[in-house]
Amino acid sequence: MTLYEKYPVSLSNSLTSNKEVFVPTNPGHVGMYVCGPTVYNYVHLGNVRTFLTFDIVSRYFRHLGYKVRYVRNITDVGHLESDADEGEDKIAKKARLEQLEPMEIVQTYSNDFHEVLHQFNMLPPSIEPTATGHIVEQIEITKKLLNKGLAYEVNGSVYFDVTKYNESHHYGILSGRKIEELMESGRKLDSQDEKRNKVDFALWKKASPAHIMRWPSPWGEGFPGWHIECTVMSTKYLGETFDIHGGGMDLKFPHHECEIAQAVGANGKSPVKYWLHSNMLTVNGQKMSKSLGNSFLPSELFAGNHRLLERGYSPMTVRFFMLQSHYSSTLDFSNDALNAAEKGYKKLANSLSVVKKMDHTSGKVADQALAQALNQLVQDVYTAMSDDFNTAKAIAALFEMSARINSFKAGTIGIESVDSATFNRFKATYIAMMEDVLGLTEETEVNNNTLTKVMDVVIGLRKKVRADRNFALSDKIRDDLQAAGIQLKDGKDGEISYTIE
RNA sequence: GGUUCCGUGGCCGAGUGGCUAGGCUGAGCUCUGCAAAAGCUCCUACAGCGGUUCGAAUCCGCUCGGAACCUCCA
């Protein structure tokens, strides 16, 4: 029996607003597409939360034994500044402002994006396609939609005809919108507009003479619309219907709604079985966003040099902080919450290093209640993760496991009083959940061989001093090391361990 | 204005009909030469009002408060 059979995953499907049991299209395989960044600026912490959500999803599916193909794109052209007809491409605009090649902009912010995600210990996707690498496919699907009468060309631009589409399908199926209401609210169509209806959106835009990103097409030189690249790249690598499509809540409308319309229009079938949306990171109850000016750059958070921060916090602290809430809830960002997260993370990380060094010893005292409790915790942590990736609940179980690990170490409860299978399963689960699934590794691990040896010498000397009951000197050694960021811990058994801040 | 979501103990944050979530803070105890770490114990909440029910934080209604989307955003 595989792990995924033992702990079947259920997830909140935005398309149906229900929690559903996950049934993959191809048994044993998961195909997941996540909307990546538009690389025209530095990635901020709110963005990070979304990618972290799907990092967990892909990690957990893999841990359960699925083969996962995780596709996350990079949008490097075609994202308009606004839906208005005169809308400008974000990357082209930034390139013009900074007097750089658009591809220099793309490279700079792609590099930043990768570096930041790596700092947070996120695993790379299986495929990371770019919009500019799929211009041909985008032109092809646009032609297909024109042929089907679901798009129209005006002055070298092509628009998706939402009204026409809505005659035979439901535009708004994902976001719960009605086309009549969309037609009434918001910006009015003015005489400058090429669009037939305000709800229509661009599949291909004619490049103005000043526009620097341009490709030839049957409609003249231009560039693709924003929504079409995701439709093309997701279906190219995952098929016309695939398992999971993820992204931030704010992409639900219009981006994901448009993706559905394009895919259904072109291929005649619903592209995605399960839509997953992660919620927003907030600051003082308000959404973190660039336009509101309340966003944090990860580098500012690590260094603590942001006006709203009292000090810096490590990547693992932040990762843990985010995982303590459920991805579908908003999460509020504050110094107090980060302080609490830092302590909590250290507690779990400490138990991780402890349990790794722990081995089962056989004995005769059988404690059925304890064995049952340990098995229950193992089950709790899986049940929590399989329940819509409830990392908060899983972490609660890990804290209880952590308490058991510390009790084993302290000798309050004896390892030998449970059977080795139970202990080993318990140990393996704690390590796997921490490292493989939640991606919470030990930050203070000493990778420096020389330092390790030096510490062994210092500890050896201090043991001697303590044995001689020269506590003034032994305290000085400990205090001085602490000032240098190394915390010594004198164990009950005379052994001395240390952690590095 | 339309659509949707939320309001949980000092703080953060799970939980959707009956069973102590968990973390942080605070108080006390144990262990330790003293610390640190760790263990144990205590602080038992669900915005307000009404309803359904044997039983509601959880379902329904109303009121108050907050947020998101309907322009660009993960």
Side-chain angles (χ1 to χ4, degrees), chain A residues 17 34-38 40-41 43-54 79-84 87 90 172 175-178 180-182 184-187 226 246-255 277-282 285-292 295 320-321 324-326 328-348 350-351 354 380 384 387 390-400 402-407 409-413 466 469-472 474-475 478-479 482 487-492 494 497-499:
Chain A
S17 302
V34 173
C35 289
T38 303
Y40 69 105
N41 216 329
V43 59
H44 69 71
L45 212 61
N47 308 128
V48 167
R49 188 188 187 201
T50 297
F51 301 121
L52 175 61
T53 298
F54 297 102
H79 196 165
L80 299 179
E81 280 273 293
S82 75
D83 198 38
K90 286 185 166 176
S175 56
R177 279 171 228 279
K178 294 191 178 71
E180 302 80 39
E181 288 165 2
L182 289 168
E184 282 164 22
S185 65
R187 195 179 66 93
W226 173 35
M249 200 82 113
D250 48 359
L251 293 184
K252 205 167 172 182
F253 188 89
H255 186 57
H277 288 100
S278 68
N279 215 323
M280 299 292 104
L281 190 63
T282 61
Q286 260 203 329
K287 174 182 172 179
M288 181 181 284
S289 74
K290 279 167 202 154
S291 49
L292 287 171
S295 64
F320 174 82
F321 162 71
Q324 264 193 305
S325 75
H326 191 251
S328 65
S329 303
T330 56
L331 173 62
D332 201 60
F333 192 79
S334 68
N335 279 292
D336 285 350
L338 283 166
N339 276 325
E342 185 177 84
K343 294 199 177 176
Y345 158 70
K346 282 186 173 169
K347 205 167 176 174
L348 291 186
N350 183 48
S351 297
V354 168
D380 284 350
D387 182 10
N390 197 328
T391 51
K393 228 172 162 180
I395 284 172
L398 288 177
F399 272 112
E400 295 192 32
S402 161
R404 300 292 182 165
I405 290 165
N406 291 326
S407 294
K409 192 196 177 201
T412 330
I413 53 176
R466 287 186 74 206
R469 301 192 68 82
N470 184 349
F471 295 123
S474 78
D475 286 356
R478 190 173 61 199
D479 293 346
Q482 185 165 27
Q487 173 73 57
L488 287 187
K489 295 172 194 168
D490 298 329
K492 217 169 139 186
S497 62
Y498 61 96
T499 56

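Naming convention: chains lettered A, B, ... in sequence-line order (proteins, then strands); numbering from 1 in each chain.
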Determine whether A/Arg49 and A/Ser325 satisfy the following criterion, side-chain hydrogen bond (donor to acceptor under 3.5 Å, both in side chains), listing intermediate values before the conclusion. CA-CA 11 Å; A/Arg49 188 188 187 201; A/Ser325 75; 3.1 Å; yes
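With a 3.5 Å ceiling on both atom-pair distances, B/C31 lacks any Watson-Crick or G-U wobble partner. Base pairing annotation: B/C42 forms a Watson-Crick or G-U wobble pair with B/G26, both donor-acceptor distances under 3.5 Å. Across the strands present, B/C49 finds its partner in B/G61; the criterion is a Watson-Crick or G-U wobble pair with both atom distances under 3.5 angstrom. For B/A67, the paired base is B/U4 (Watson-Crick or G-U wobble, both distances below 3.5 Å). Both distances falling under 3.5 Å, in either a Watson-Crick or a G-U wobble arrangement, place B/G18 opposite B/C54.
Among B/G22, B/C24, B/A14, the nucleotide with an atom closest to any side-chain atom of A/Gln324 is B/G22. In this structure, the nucleotide among B/A74, B/G33, B/C72 sitting nearest to the side chain of A/Met280 is B/A74. Distance from the side chain of A/Lys489 is smallest to B/A36 among B/A21, B/G33, B/A36. Among B/G39, B/C72, B/G22, the nucleotide with an atom closest to any side-chain atom of A/Lys90 is B/C72. For A/Ala396, whose side chain is taken as the heavy atoms from C-beta onward, the closest listed nucleotide among B/C70, B/C24, B/G22 is B/G22. When distances run from any side-chain atom of A/Ala340 to the nucleotides B/C24, B/A74, B/G33, the shortest one goes to B/C24. Distances from the side chain of A/Arg177 to the nucleotides B/A37, B/C70, B/G23 place B/C70 closest. Looking at the side chain of A/Gln286, the nearest of the listed nucleotides B/A74, B/A68, B/G39 is B/A68.
Taking atom P in both B/C70 and B/A27, one finds a spacing of 48 Å when rounded to whole Å. Comparing the P positions of B/G23 and B/U71 gives an interatomic distance of 45 Å, to the nearest angstrom. To the nearest whole angstrom, the two P atoms, one in B/G7 and one in B/U53, are 26 Å apart. B/G39 and B/C5 have their C1' atoms separated by 42 Å, given to the nearest Å. Comparing B/A57 with B/G48, their C1' atoms are spaced 14 Å from each other, to the whole Å. The gap from the C1' atom of B/U44 to that of B/U8 amounts to 12 Å, rounded to the nearest Å. B/A56 and B/A45 have their P atoms separated by 15 Å, with the value rounded to a whole Å. The gap from the C1' atom of B/G18 to that of B/G2 amounts to 39 Å, rounded to the nearest Å.
A donor-acceptor contact under 3.5 Å is not formed by the side chain of A/Asp332 with the base of B/G13. A donor-acceptor contact under 3.5 angstrom links the side-chain atoms of A/Asp490 to the base of B/C34. Donor-acceptor pairing under 3.5 Å, judged by distance alone, is present between the side chain of A/Arg478 and the base of B/A35. Residue-to-nucleotide contacts include no donor-acceptor pair under 3.5 Å from the side chain of A/Arg469 to the base of B/C34.
Nearest heavy-atom pair across A/Ser289 and A/His44 is CA-NE2, 4.2 Å.
The nearest heavy atom of RNA chain B to A/His44 and to A/Ala337 marks one nucleotide each, and the one closer to the 5' end goes with A/Ala337. Closest-nucleotide positions on RNA chain B for A/Leu251 and A/Phe321 were compared, and the one nearer the 5' end corresponds to A/Phe321.
Nucleotide B/C24 holds its P atom 17 Å from the CG atom of A/Leu331, rounded to whole Å. Rounded to whole Å, the distance from CG on A/Asn339 to C1' on B/G10 is 15 Å. Look at CE on A/Met249: it is 14 Å from P on B/U4, rounded to the nearest Å. Rounding to whole angstrom units, CD of residue A/Glu181 and P of B/C70 are separated by 15 Å.
Regarding contacts with the backbone of B/G15, a side-chain N or O of A/Asn390 is found under 4.0 angstrom from either OP1 or OP2. Not one side-chain nitrogen or oxygen of A/Asn406 sits closer than 4.0 Å to the OP1 or OP2 atom of B/A38. Taking only side-chain nitrogens and oxygens, A/Lys343 comes nearer than 4.0 Å to OP1 or OP2 of B/U25. Taking 4.0 angstrom as the limit, A/Lys287 places a side-chain polar atom (N or O) nearer than this to OP1 or OP2 of B/C69. Not one side-chain nitrogen or oxygen of A/Lys346 sits closer than 4.0 Å to the OP1 or OP2 atom of B/G23. Contact annotation: A/Ser334 side-chain N/O to B/C12 OP1/OP2 distance is not under 4.0 Å.
Among the protein residues, A/Lys347 comes within range of the sugar-phosphate backbone only, with heavy atoms under 4.0 Å from sugar or phosphate atoms but none that close to a base. In this structure, A/Phe471 reaches the bases: a heavy-atom distance under 4.0 Å links it to at least one base atom across the strands shown.
Neither side chain, A/Thr330 nor A/Thr282, offers a donor N or O lying under 3.5 Å from an acceptor on the other.
Residues satisfying the side chain to side chain contact (heavy atoms under 4.5 Å, CB included) criterion with A/Arg478, sequence neighbours excluded, are A/Arg462, A/Asp475, A/Leu488, A/Asp490.
Between A/Asp250 and A/Lys287 a salt bridge is recorded (basic side-chain N to carboxylate O distance below 4.0 Å).
With a 6.0 Å cutoff to the six-membered ring centre and a 45° limit on the axis angle, A/Arg177 counts as a cation-pi contact of A/Phe253. Judged by a 6.0 Å distance limit and a 45° cone about the ring axis, A/Lys290 is positioned over the six-membered ring of A/Tyr40.
No aromatic stack links A/Phe399 and the base of B/G23, using centre distance under 5.5 Å and interplanar angle under 30°.
The aromatic rings of A/Phe333 and A/Phe321 stand perpendicular to each other, their planes meeting at an angle above 60°, with 30° marking the opposite boundary.
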